2 protein chains.
Amino acid sequence: MSERRPGEIPEATVARLAVYLRVLTGLVDASTVTVSSEELAAIAGVNSAKLRKDLSYLGSIGTRGVGYDVTLLREKIASSLGLTQRRTCVLVGIGNLGHALAGYSGFSSRGFTFVGYFDADPGRMGEPIADSQISDISELESVVESNGVSIGVIATPAEAAQTVCDRLVDAGVTSILNFAPSVLSVPDNVDVRKVDLAAELQILSFHEHRKSRGLGDGLVESVG
Amino acid sequence: MSERRPGEIPEATVARLAVYLRVLTGLVDASTVTVSSEELAAIAGVNSAKLRKDLSYLGSIGTRGVGYDVTLLREKIASSLGLTQRRTCVLVGIGNLGHALAGYSGFSSRGFTFVGYFDADPGRMGEPIADSQISDISELESVVESNGVSIGVIATPAEAAQTVCDRLVDAGVTSILNFAPSVLSVPDNVDVRKVDLAAELQILSFHEHRKSRGLGDGLVESVG
DNA sequence: AACGGCTTGTGAACGCATGCACAAAGTGAG
DNA sequence: CTCACTTTGTGCATGCGTTCACAAGCCGTT
């Protein structure tokens, strides 16, 4: 029944668009002009029907009998994801992970500019990081406000995460990427995505456990 | 219709069990004895009905009218996730991210032991990392085999990821956590989980984009 | 200009996940 | 023992996501 309004792209599709975008960038670099849904799906590791349905949310981009124009498709996806404008971000919590994130080239190459790196330890203020330096957490609000920062990345210990989150939101940040192992509560208009490293390993552990128990197919378990 | 066999826990539930486990560990530390589904759900940031359904896959653990015994529940979840035995892991690719992962205390505190850190650059062999040192990639197979490693973590550049993955699988690894921005192909019996940092930001970018366009509720869009 | 061969875009069916709402089951007071 | 109260466990309905299968549409050839 629920007619999806134009521009309403399902969450699951959005996540895959980012993957397609990366694959397409690779194809552009390889000077590929055209690609079929079958080929693209194979590279991206998905079913071709799913890929076509995903792309159909962006409008009719392909040419029947031919495929998709690689450059055009890439631009369409980038524009749907709002990647035509650079987005400014701040990173809070410069521990091991924070350093790694600051040094990750994939962010800046994909249109994200970090305008501030913050840590609660005053002793670390001024310490060089990426091509900038660590600022004290007290400057968080002013940097966010003066740069119109829309995305905040939290890489603090769990205890500090909610406080930092509240300060980011109060300062005007409307999207948060959380690496701290804690559940954040935010107003409705703020989006949060969480990356939980330990949870990832635990999920794999579950599958290991399952494999080592249930060896075989139609197993003994069929007891009345 | 499809009667789910005992022990068959849905994927979405498994992911949440890891969250519940963390919350419960916090409650144990706070000497909490009993918790209701309502309370636990609030802390974990989920709906209480969903939480009860999740837990019901582990059997009947709670006491009606009372709630769940915190310690018992935690043990049940840990055992379902296969966390009663320590699991051995290797980490391949010691760049910025690799270093951060090696230094992340959350892994070892949750039952994961890293028995090898590998990098392709021979010049870095012997360099200290965590409480161990970097090994050359050529030793990968022998370490995996002699330690019965079941989980491999890949933090290499995208170009190297598939090759490393193949070597891990050949050596006997059956679960892979991939931080490289590339799609891995593996045999059916191997599980892969992917963490794509740039994709996470792009997904947030999409929501920012959406928010800045579609301000307001029942909007103008209703054109015939 | 008509036809055969491809490939897209999508209606429809299916399956998994979520959330409601309530019966089942335990506790404690009187 | 009985009753009122609490909280679990779950049947059912709903909605979202995936997959199939095919009509619609484009291209090159004859």
Side-chain angles (χ1 to χ4, degrees), chain A residues 1-20 24 27 32-70 72-74 76-77 80 203 206-207, chain B residues 1-20 24 27 32-70 72-74 76-77 80 203 206-207:
Chain A
M1 291 301 102
S2 63
E3 191 69 15
R4 203 184 281 273
R5 285 188 316 180
E8 290 279 352
I9 305 180
E11 203 46 42
T13 293
V14 173
R16 282 190 297 269
L17 286 179
V19 176
Y20 304 153
L24 286 166
L27 290 178
T32 309
V33 176
T34 299
V35 69
S36 73
S37 64
E38 206 73 49
E39 293 164 333
L40 189 51
I43 306 176
V46 303
N47 178 302
S48 73
K50 177 151 51 179
L51 181 134
R52 286 198 299 277
K53 182 147 286 191
D54 284 342
L55 297 185
S56 76
Y57 294 114
L58 312 185
S60 229
I61 303 177
T63 307
R64 295 170 192 233
V66 178
Y68 298 90
D69 180 290
V70 171
L72 177 66
L73 181 54
R74 192 178 63 134
K76 269 282 192 183
I77 294 180
S80 300
I203 293 166
F206 169 80
H207 291 293
Chain B
M1 296 296 104
S2 61
E3 192 67 18
R4 204 183 279 273
R5 287 189 315 180
E8 290 279 351
I9 304 179
E11 203 48 39
T13 292
V14 172
R16 283 189 297 267
L17 286 179
V19 176
Y20 305 152
L24 286 166
L27 291 177
T32 309
V33 176
T34 299
V35 69
S36 74
S37 64
E38 206 72 48
E39 293 164 335
L40 188 51
I43 306 176
V46 302
N47 176 302
S48 72
K50 179 153 50 179
L51 180 134
R52 288 198 297 277
K53 185 151 284 190
D54 284 343
L55 297 185
S56 76
Y57 293 115
L58 313 184
S60 230
I61 302 177
T63 307
R64 293 169 194 233
V66 178
Y68 299 90
D69 180 289
V70 172
L72 177 66
L73 182 54
R74 192 177 63 132
K76 269 282 193 183
I77 293 179
S80 299
I203 293 166
F206 169 80
H207 291 294

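Note on naming: letters A, B, ... go to the chains in the order of the sequence lines (proteins, then strands), and numbering restarts at 1 for each one. The shown structure was predicted, so the numbers you read here are calculated from the model rather than taken from an experiment. Both backbone and side-chain heavy atoms feed into the values below; hydrogens, waters and symmetry mates do not.
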base_contact_polar (D:dG17 base, A:K53 side chain, donor-acceptor, <3.5 Å): no
If you take all heavy atoms of B:S48 and B:S37, which pair is closest and at what distance? CB-O, 3.9 Å
With a 4.0 Å cut-off on heavy atoms, is A:A49 in touch with a base, just the backbone sugar-phosphate, or nothing at all? base
Rounded to the nearest 0.5 Å, how far does OH of B:Y20 lie from CG of B:L40? 7.5 Å
Testing the basics here: between B:I61 and B:L55, what is the closest heavy-atom pair and its distance to 0.1 Å? CD1-O, 4.4 Å
Let me know the distance between CD of A:E11 and P of C:dT18, rounded to the nearest Å. 14 Å
Gap between atoms CG and P, on A:L73 and C:dT7 respectively (whole Å): 16 Å
Rounded to the nearest 0.5 Å, what separation is found between the NZ atom of A:K53 and the CG atom of A:N47? 11.0 Å
Establish, with yes or no, whether the OP1 or OP2 oxygen of C:dC20 is under 4.0 angstrom from a side-chain nitrogen or oxygen of B:N47. yes
Is it the case that D:dT7 (base atoms only) and B:R64 (side chain only) share a donor and an acceptor within less than 3.5 Å, ignoring hydrogens and angles? no
Any B:Y68 side-chain nitrogen or oxygen under 4.0 Å from OP1 or OP2 of D:dG9: yes
Just to verify, what does B:T13 make a side chain to side chain donor-acceptor pair (under 3.5 Å) with, not counting sequence neighbours? B:D54
A:Y57 OH to C:dT10 P, in whole Å, measures 10 Å
Is the shortest side-chain N/O distance from A:R16 to OP1 or OP2 of D:dT18 below 4.0 Å? yes
Between B:E39 and B:S36, the two heavy atoms sitting closest are OE1-N, 2.9 Å
Which of residues 32-43 of chain B have a heavy atom under 4.0 Å from DNA chain D? B:S36, B:S37
Base, sugar-phosphate or nothing for A:L55? Non-hydrogen atoms, less than 4.0 Å. nothing
Nearest listed nucleotide, side chain of A:K50, among D:dT19, D:dG9, C:dA17: D:dT19
Work out which heavy atom in A:Y68 is nearest to a heavy atom in A:R52; give both atom names and the distance. OH-CG, 3.8 Å
Rounded distance (Å) that lies between atom C1' of C:dT10 and atom CG of A:D54: 13 Å
A:I61 CD1 to C:dT10 P, in whole Å, measures 11 Å
Of B:G59 and B:G65, whose nearest nucleotide on DNA chain D comes first from the 5' end? B:G65
Looking at D:dG9, C:dG9, D:dC27, which one has an atom nearest to any side-chain atom of B:R52? D:dG9
